[in-house]
Visitor: 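The following block contains the structure, expressed as structure tokens.
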Amino acid sequence: MDLDPEGIFRDDSDSDDEFYQEKEASKELVVYLVDASPKMFAPVPTDEGGTKETHFHIAINSILQSLKAQIIGRSYDEVAICFYNTKEKKNLQDLSGVYVFNVPEREWLDRPTARLIKEFSSIEESFMSNIGSRYWIVSGSRDNSLYNALWVAQALLRKGSAKTVSKRILLFTNEDDPFGSISGAIKSDMVRTTLQRAKDAQDLGISIELLPFRRPDEEFDVSIFYAELIGLETDEIPNFLPSASDKLEDMTDQLRKRIFKKRKVKTLTFSIANGISIEVNTYALIRPTLPGAIMWLDSVTNLPLKNERSIICADTGALYQAPPKRFQPYKNEIIKFSVNELSEIKKLSNNHLRLLGFKPLDCLKDYHNLRPSTFIFPTDEEIVGSTRIFIALHKSMLRLRRFALAFHGSSTHPQLVALVAQDEITSANGQVEPPGMHMIYLPYSDDIRHIEEDHMAADDNASRATDEQIKKASALLRRIDLKNFSVCQFTNPALQRHYGILQALALGEDEMPDIKDETVPDEEGMARPGIVNVIQEFKNAVYGENHDQEEDESAAGRGHASGASKKRKEMTEAAAKESSSRDWEELAENGKVS
Amino acid sequence: MARNREAVVLLLDVGPSMHGVLQEVEKVCSMLVQKKLIYGKSDEVAVVVFGTGETNNELQKEVGGYEHVVVLRNIKVVDGEATDTLQNLPRGTVPGDFMDAIVVGIDMLIKKFGPTNKGKQRLCLITDAKYPIKDPYEGTKKDQVDAICQQMKAHGVKFDCIVYREPGAMRTSVMDENDHLLDLFSKRIVARTVHVDSPLSLLGALRTRNIMPVTVFRGDMEISSNMKIKVWVYKKTSEERFPTLKMYSDKAPASDKFATHEVKVDFEYKSIEDPNKVIPPEQRIKGYRYGPQVVPISPAEWEAVKFKPEKSVKLLGFTDASNILRHYYMKDVYIFIPEPGNRKAIVAVSAIARAMKEMNKCAILRCVWRQGQGNVVIGVLTPNISSVDNIPDSFYFNVLPFAEDVREFQFPSFDNLPSSYHPSEEQQEAADNFVRMLDLAPSGRQEILQPDFTPNPVLERFYRFLELRSKQPDADVPPLDTSLKMMTEQSPDVFSDQKLLIEFPKHFELKENPKKKKSSRRAWREKPSLSNEEVSAKDPTASNLLEYSSDKKVEKIGNQNPIQDFEAMMARRDSSKWVRKAIEEMQNYIANMLENSHEQDAFQKAVECLKALRKGCIIEQEPREFNRFLIELKDKRKITNLANFFDLLLSNKITLISKEEAADSDVAEEEAKNFPVKAESASQ
């Protein structure tokens, strides 16, 4: 099946699927469990005293964002959205205070659809009238909405085996003491049954994760109740909350990060020295997101078509299942290889990552790159002591400003890699760069082209900028400065457009969405007089005062073709000439010319 | 392809001082010819050697001089003969004169092509340039280089030169003079001189495939609407792929001489409802997935709404280089060069590149390489300051990820990990030393395994196998070339201080996680298997090396090194049967030894073997195998005279494997400790 029919996301080099496509085996089922008690709707003042937001709104927003990302990136995962502490109830068990949100043509736990996203995005408008909010504990009633919610979530997740899919419950709340308003036997009873319910779920392979909100003036104390519910060890509690921030945008950001589950690619053995090996997990933190697969449909019925490939012998017309051999024409002969032999050629060592030595960071050039990097993080799961060695090397590499050179013996693509140690970077909204090493795939000499040398100015020395010109350029650099540029601040306009169109069509909307292209330069900023001036000064310094005039003149007197086009013309002519002679030669060689 | 047709004259120094690396020269030159046999069948190749006792070249015949230069092959279209010639280069007997060889090479090119074929002729010189070249009849050596360059320029001859010298070789004034002369070439003409100091780098130093680069973009790099710089953009790196082989059909009868043996692949689209109904192309429509839905859109509709940016390369701004971490580079790399011959562009690029370098800045660009491209590229432009006078400054360009391409997984902070995960001060110091000493860029020699000089071992192996197969149709896949091993293993000749590799691991302790069920496929502590050195020390003949292919597969326990054989077998991961087989063989070996010999030295050897077996069984979590065997021995003890042997076991503290050592054991620690004692009492 063609993944990218238009070829728009493909570039000149074709990508190997194994590296870029994630396996579907790591399918995930998630139930979002959102607290809808009145406290969640209490406005939280922002720093500047401006707009007030509610924790409920932040929760909805981050779920919405992750749904949108998911339908693009991982549309096979299934989700259910479930509110608790609600007036209305809607669930299979008919338990009170729990409301499962859904749209038509979709199971309660199912892949996200365009309609789900659309209706969920406006849920707040009608929430109070349709679903309603209520307090955790209603006096006089023995209703325990958290207990009910966990029960409903667990029942929703009854699908699929815990061995092959990962099942998670994400709990959004700002109440750290849900049973605070009651006491005595009733309370201990409720706490006990709720914890038991959580444990039952966990025993079934469901992980329960807490996404807590805190109000600006108070802490969210996990030790009151939740530590036990989610199975947190006492010494883990201090690390549980990554520097919670008061800023609302930071909260959304933090939630979004936590909603996504880490998926490891695989566990690698990392041979360090003298037969000592540790283990590391690898993660694909950066991979191009491509538009989803296309399918061929029957335009009459709109039903998908089955694609059948048949292999036919060109000589006899006989049908083949799968020919066992491959061949390469060489020296007028046919050299055959079995598929096994071909894979044996590629197998240079076992599947390990083998340390070869260290080099100063400046040996890693900007052109030493071929593919997106892979992140590695140590694991003690099988070999106790791995993390310790990894951390020791990590520290030394950072301190000595060196990277490790290693050989990655993958069976299809053995490669030299640079392992660059990355120190942890954090900001107000949590971790920005995790600590670990990044594996950078290095080119071989066969992969590096000598473009500069091919264009050597053979006659004279190439011109260099003078100090004065460099100074003008420096002023330019200082002036047009993107201060807080962050690598992934832009969304991909082609992808946004692609999915925007699909969403509109899927929902049967007539109007095509207007997707803003965030990548266009800031024309307005560039037009500011200060910037216009430094640009002009730089231009005068490198091109001379009369550049534009000279250009116009040369454009006017376009008697001669430009160097580039002339060269191209020469090349095509030569090619035509040579191809005719070559064909003839080849025919003669093959003895087909009599 | 045809427009790329080039003629290469290989000028190879085969003088005595080159003999050590002639094998590599043979390999890399054969590779060049082999690639031409596939990708450039009409390219032409000549082979000239110098430093030979004999002389055979036209110039010598015509004008005299030019001794010790032999033309092994005249300029002609590549064929199998060329590889044969290159694989059997003569070993010369006199120091070579590279300048004579260059002149002979140019003469050949001029005679063959005259004024035609400009820019498609190449001289490739491989030499160590250790010995003085002869003084010319008139003028200085420098004048001679100038004259040669004139000729080369006039005929559009390119010049590649590879100078090989061993690391740490004494520099002489002759070398300095020679290097200076060779450098002159790259100042005068299109020439490239590289110095390498290892056989591996030699294999990577020659451009074996002639690729005519194509521009990705030619046009304006827009700083603003008012300020534009004319640039050409090329790929700087691009992966050379494994050749795409065709599927082979063996259906044609052997008698059919004209059989192509190719296959055709047909695609048919069939209705799901009726699998026999083929849907014709005009009745098909593309459906795009959106979640579980499939949205049908006709090409015309899609064309009308899709994203269509204008072709352009625009500056978004500059930023601190530290804002762009290295691991965000997404793809192979582009290079922006100023439009060739455009002085203004060259200066403008130079000014910005140098300012960037000084201020540690980079630029962020938005690129749409060609009209009709359906997406935009955001990337980072970094300076590439030229160190060669006649090469202009340029930029490298790396593609950066979009927000959708990044997954923000959270990882525990190292500081928050339990203290057992943190190295002690002493361990940290050991790590510091290790990182400092295991140095691949030592001062005083070239950086080791520099990507620019490190060839792709898979391609190397493929082409060697291809050549081998063409001569012996039943040949097996050859092992990895020895000089390429340097990139798959820590190389002993790189690190003078071998202690380092042994010392560092001693500071750390690793053990298998007892909570975890053993995974039989994983070897965390590799057994000291037969290393290459040992193999070659035992029998250095090539045929024997072949037997121990890259994986050093040991299949049985021999008398020579039973323990090593056992460990090597246990370490084999290609099949789970080897562990079982190793244990079984070792048990038989020990039992045999004990049965057939009652001498003390045999006992000592048996104890050593038993120790190895015990260790192996713990590592592989096979305690029962060992315990069963030991108990069996104990039982045998009643009938054979093994009392002394059991005393030895006692003094060597060899007992049953307890539960504590291997979870699968059913022997308690106490019981294991008492084993020999119990055995004692049992015999009474």
Side-chain angles (χ1 to χ4, degrees), chain A residues 8 71 75 111 239 257 262 273 275-276 289 292 295 297 299 305-306 312-316 318 323 325-327 331 344 349 357 359 366-367 369 373 383 385 387 392 396 434 438 443-446 451 457 461-463 465 469 473-474 477 482 485 487-488 492 494 497 502 542 575 578-579 582, chain B residues 2-3 80 204 234 236-237 240 245 247-249 251-252 259 262 264 269-270 285 287 289-292 295 307 317-319 327-329 333 346 348 350-351 355 374-375 382 389-390 392 396 402-404 406 408-409 411 416 421 423 431-432 435 438 440-441 456 477 488 501 505 510 524 526:
Chain A
I8 53 170
I71 201 165
S75 75
R111 299 162 63 181
N239 314 328
K257 287 180 188 172
K262 277 203 297 256
I276 283 285
T289 300
M295 294 176 83
L297 307 177
S299 63
L305 298 173
K306 223 167 58 193
I312 302 155
C313 171
D315 298 316
T316 61
K325 297 225 174 201
R326 303 285 182 272
F327 76 97
K331 296 199 240 180
E344 201 185 327
S349 69
K359 292 181 181 184
D366 278 331
Y367 63 91
N369 210 73
S373 61
I383 300 173
T387 308
S396 303
H438 290 281
Y444 290 115
S445 58
D446 320 58
I451 306 295
N461 287 347
S463 309
Q469 288 164 330
S474 304
L477 265 58
L482 306 169
F485 181 79
V487 160
C488 42
N492 182 345
R497 176 80 156 230
L502 290 187
V542 292
E578 276 176 27
S579 75
R582 186 191 68 112
Chain B
R3 69 173 181 179
Y234 288 95
K236 174 64 187 173
T237 59
E240 182 172 337
L245 305 188
M247 281 193 262
Y248 179 82
S249 165
K251 300 269 186 196
E262 293 185 19
K264 278 195 318 221
Y269 293 88
K270 295 187 173 168
I285 184 167
R289 281 185 188 281
Y290 188 68
V295 182
F307 184 60
F318 299 93
T319 191
H327 60 263
Y328 283 111
Y329 292 4
V333 186
I346 292 172
S350 171
N375 63 350
T382 46
D389 285 344
N390 50 355
Y396 294 126
F402 286 110
E404 294 92 339
V406 178
E408 297 168 292
F409 294 160
F411 289 84
N416 291 343
Y421 283 2
D432 280 359
V435 172
L438 205 63
L440 293 172
N456 184 339
V477 178
T488 60
L501 294 176
L510 289 174
W524 58 279
E526 292 155 65

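Quantities reported herein were computed from a predicted structural model and do not represent experimental measurements. To find a chain, count down the sequence lines: A is the first, B the second, and so on, and within it residues start at 1.
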Visitor: Among A/Lys325, A/Lys359, A/Glu344, which residue has the highest count of heavy-atom pairs closer than 4.5 Å to chain B?
Guide: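 Most heavy-atom pairs within the cutoff with chain B belong to A/Lys359.
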Visitor: Which residue out of A/Leu502, A/Ile71, A/Asp366 racks up the most heavy-atom pairs below 4.5 Å with chain B?
Guide: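 Top count of heavy-atom pairs under 4.5 Å with chain B: A/Asp366.
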Visitor: Output the distance between atom OH (B/Tyr269) and atom CE (A/Met295), rounded to the nearest 0.5 Å.
Guide: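 Output value for this atom pair is 11.5 Å.
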Visitor: Would you find a donor on one side and an acceptor on the other, under 3.5 Å apart, between the side chain of A/Thr289 and the backbone of B/Glu404?
Guide: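 Yes; judged by distance alone, with no hydrogens or angles, the pair exists.
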Visitor: Does any backbone or side-chain atom of A/Arg497 lie under 4.5 Å from a heavy atom of chain B? Answer side chain, backbone, both or neither.
Guide: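 Interface part for A/Arg497: side chain.
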Visitor: Please verify the inter-ring angle class for B/Tyr396 with A/Tyr367; under 30° counts as parallel, over 60° as perpendicular, anything in between as tilted.
Guide: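 The arrangement is tilted - the two ring planes meet at 30° to 60°.
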Visitor: Is a side-chain donor or acceptor of B/Thr237 paired with a backbone partner of A/Asn369 at a separation under 3.5 angstrom?
Guide: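 At least one qualifying donor-acceptor pair exists.
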Visitor: What's the separation between atom CD1 in B/Ile285 and atom CG in A/Leu305, rounded to the nearest 0.5 Å?
Guide: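 B/Ile285 CD1 to A/Leu305 CG: 11.0 Å, rounded to 0.5 Å.
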Visitor: Who wins among B/Val295, B/Val435, B/Val333, B/Thr382 for the most heavy-atom pairs under 4.5 Å with chain A?
Guide: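 The answer is B/Val435.
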Visitor: To the closest 0.5 Å, what do you measure between NZ (B/Lys264) and CG (A/Asp315)?
Guide: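 CG of A/Asp315 is found 10.0 Å from NZ of B/Lys264.
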Visitor: Shortest non-hydrogen contact from B/Gly374 to A/Ala494?
Guide: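 Minimum heavy-atom contact is O-CB, 3.3 Å.
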Visitor: Taking all atoms of both residues into account, what is the closest heavy-atom pair of A/Ala273 and B/Pro505, and its distance?
Guide: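 Distance-wise, the nearest heavy atoms are O-CG, 3.7 Å.
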Visitor: Testing the basics here: between A/Ala473 and B/Ala351, what is the closest heavy-atom pair and its distance to 0.1 Å?
Guide: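 Where A/Ala473 meets B/Ala351 most closely, the heavy atoms are CB-O, 3.5 Å.
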Visitor: Looking at chain B, which one of A/Gly385, A/Ser396, A/Ala465 has the largest number of heavy-atom pairs inside 4.5 Å, strictly under?
Guide: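 Greatest number of close heavy-atom pairs with chain B: A/Ser396.
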Visitor: Answer yes or no: is there a donor N or O on one side and an acceptor on the other, between the side chain of A/Asn492 and the main chain of B/Phe402, under 3.5 Å?
Guide: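 No.
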Visitor: Can you tell me which of A/Leu297, A/Thr316, A/Ile451 forms the most heavy-atom pairs within a distance under 4.5 Å of chain B?
Guide: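 Sorted descending by pairs with chain B, the first entry is A/Leu297.
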Visitor: Between B/Tyr421, B/Tyr248, B/Tyr329, B/Tyr328, which residue shows the highest count of heavy-atom pairs closer than 4.5 Å to chain A?
Guide: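 Maximum pair count with chain A is reached by B/Tyr248.
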Visitor: Donor-acceptor pair, distance only, cut-off 3.5 Å: does the side chain of A/Ser373 make one with the backbone of B/His327?
Guide: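 Yes: the side chain of A/Ser373 pairs with the backbone of B/His327.
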Visitor: Counting only non-hydrogen atoms closer than 4.5 Å, does A/Thr387 touch chain B with its backbone (N, CA, C, O), its side chain (CB onward), both, or neither?
Guide: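 Backbone plus side chain of A/Thr387, per the 4.5 Å heavy-atom cut-off to chain B.
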Visitor: Might you point out which heavy atoms bring A/Asp446 and B/Asn456 nearest each other, and give the distance in Å?
Guide: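 Minimum heavy-atom separation between A/Asp446 and B/Asn456: OD1-N, 2.9 Å.
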Visitor: For A/Lys331, is it the side chain, the backbone, both, or neither that has a heavy atom closer than 4.5 Å to a heavy atom of chain B?
Guide: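 Side chain only.
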